[in-house]
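Here the structure comes first, spelled out in structure tokens, and everything after it is commentary.
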Amino acid sequence: MLQGVYRPHSKGEPTMKEVCVITGGGSGMGLATAKYIKDRLVIISGRTESKLAAACEELKEAGVEAIYKTCDTSSRASVAELAKFASEQGVIKQVINSAGMSPSMTNAEKLFRINAVGTVYVNQEFAKYMDKGSVICDVASNSAYALPGFMTKAVKFAYKWADKDEDKFVNFFMKLAGKISDDYMSAGMAYSFSKNFVTWYAAKSAFDLGPRGIRVVSVSPGLIRTAMGNAEVEHGGDLIKKACEERMGEADELGYCIATCADPRNGYLAAVDVLADGGSTRGNAEFKHDPLAPLKMAGIIKD
């Protein structure tokens, strides 16, 4: 169960500024999302201060009130510090967790800790400061759907360890990824598991936090034209041909989608994953089917 205490504001207290926090907001989809949040203070976070500072200037030019704070989402202490900082700036109304890494960026364990364990940290730590009418939007990936169904069903019991025994949780999936000798393919499998977990944990969080009026939803982008997405084209580019329009998505398109899902007016959108991948997952499964594609994406076999 996610921990946190609901603390309604007293009627006599002055109105505080509403805050939107975006992890991974220094570039890519996170930055694109921030450009659609113009009615409140936006706090972007990431690991590289120079990137965040430049992103803040870009946001201010776009009419967004923005500040930044560095954060490594693979560290609970770092996430807790960010959450506390955000709470001191005003009332946290939106948390968009878009921080993540892909297989070309790092090894399997680092990737899994940022994508999967980092989601646990963000949801838990920010929930301590959030009240009724707020929302958490966790960004996953269409790779969450890449693994064969029998495989995700077989390992889902281990997802429950994330709240109870972090080392056991991580080690279980590292053993699975370690069965593949190729480093990229091993990281690819860890990536798919991590993103499938994100969709599950967002739904779990929705039920844990729903009684407090905190809505949780996830979004799964497809291959998007960002620095991260471009780095994965060599291995995952086959899915472009599976999309309805046979193209990559644009960061601006996903930014609007994520911002919309996190909009308070979407108050009944909860415990669901929004698959925004241009139809590539559905295309691959039915209309442009390649029976080996899921195994390729998961790193189980090579092209």
Side-chain angles (χ1 to χ4, degrees), residues 20-39 42-46 51-52 55 58-59 62-64 66 73 94-105 111 114-115 118-119 122 135-146 191-192 194-196 198-199 202 215-233 235-266 269-270 272-284 297:
C20 171
V21 180
I22 304 179
T23 68
S27 61
M29 289 181 287
L31 178 56
T33 301
K35 293 179 180 179
Y36 287 101
I37 313 294
K38 296 186 177 182
D39 59 345
V42 175
I43 302 174
I44 59 171
S45 75
K51 181 187 291 187
L52 293 172
E58 186 175 334
L59 289 173
V64 178
T73 56
Q94 296 162 298
V95 175
I96 297 168
N97 181 30
S98 67
M101 284 190 164
S102 64
S104 66
M105 299 172 70
L111 179 155
I114 289 177
N115 295 354
T119 298
V122 169
V135 58
I136 298 172
C137 181
D138 292 313
V139 179
S141 164
N142 67 341
S143 289
Y145 301 86
Y191 184 78
S192 292
S194 73
K195 292 303 187 178
N196 187 268
V198 170
T199 65
R215 182 170 65 88
V216 187
V217 66
S218 62
V219 175
S220 284
L223 199 58
I224 309 304
R225 199 184 309 278
T226 62
M228 181 185 296
N230 291 337
E232 302 302 330
V233 169
H235 294 275
D238 184 62
L239 274 183
I240 297 173
K241 294 180 290 185
K242 309 295 184 181
C244 300
E245 299 178 19
E246 298 188 356
R247 67 176 178 87
M248 295 176 72
E250 301 296 335
D252 183 67
E253 293 174 311
L254 266 295
Y256 182 77
C257 175
I258 294 167
T260 301
C261 290
D263 192 301
R265 291 170 292 185
N266 248 328
L269 186 69
V272 67
D273 182 61
V274 178
L275 181 58
D277 70 343
S280 57
T281 297
R282 183 68 184 269
N284 183 61
M297 280 190 66

(request) For residues R215 and I136, determine if any side-chain heavy atom of one lies less than 4.5 Å from a side-chain heavy atom of the other. (result) no
(message) Within the structure provided, determine whether L59 and I44 are in side-chain contact (heavy-atom separation under 4.5 Å).
(response) yes
Can you name the closest pair of heavy atoms from [X] and [Y] and give their distance?
X: G279; Y: C244; value: CA-SG, 4.0 Å
X: K242; Y: N284; value: CE-OD1, 3.5 Å
X: L52; Y: S45; value: CD2-C, 3.5 Å
X: N115; Y: A99; value: OD1-O, 4.5 Å
X: G25; Y: S98; value: N-OG, 4.5 Å
X: Q94; Y: P264; value: NE2-CD, 4.0 Å

(request) Walk me through it: do Y36 and D263 pass the test side chain to side chain donor-acceptor pair (under 3.5 Å)? (result) CA-CA 10 Å; Y36 287 101; D263 192 301; over 6 Å; no
(message) Testing the 3.5 Å rule here: is there a donor-acceptor pair between the side chains of D277 and Y145?
(response) no
(request) Please report the C-alpha distance between E250 and R225 in whole Å, then the side-chain angles of each, then the deciding distance to 0.1 Å, and finally whether the salt bridge (Lys or Arg N to Asp or Glu O under 4.0 Å) criterion is met. (result) CA-CA 5 Å; E250 301 296 335; R225 199 184 309 278; 3.0 Å; yes
Within the side chain of [X], is there an N or O that forms a donor-acceptor pair under 3.5 Å with the backbone of [Y]?
X: R247; Y: I240; value: no
X: N196; Y: S192; value: no
X: S220; Y: V274; value: no
X: E232; Y: S104; value: yes

(request) State the NZ-OG distance between K195 and S141, to the nearest 0.5 angstrom. (result) 6.5 Å
(message) By the definition side chain to side chain contact (heavy atoms under 4.5 Å, CB included), identify the one residue from V217, N142, T199 that meets it with D273.
(response) T199
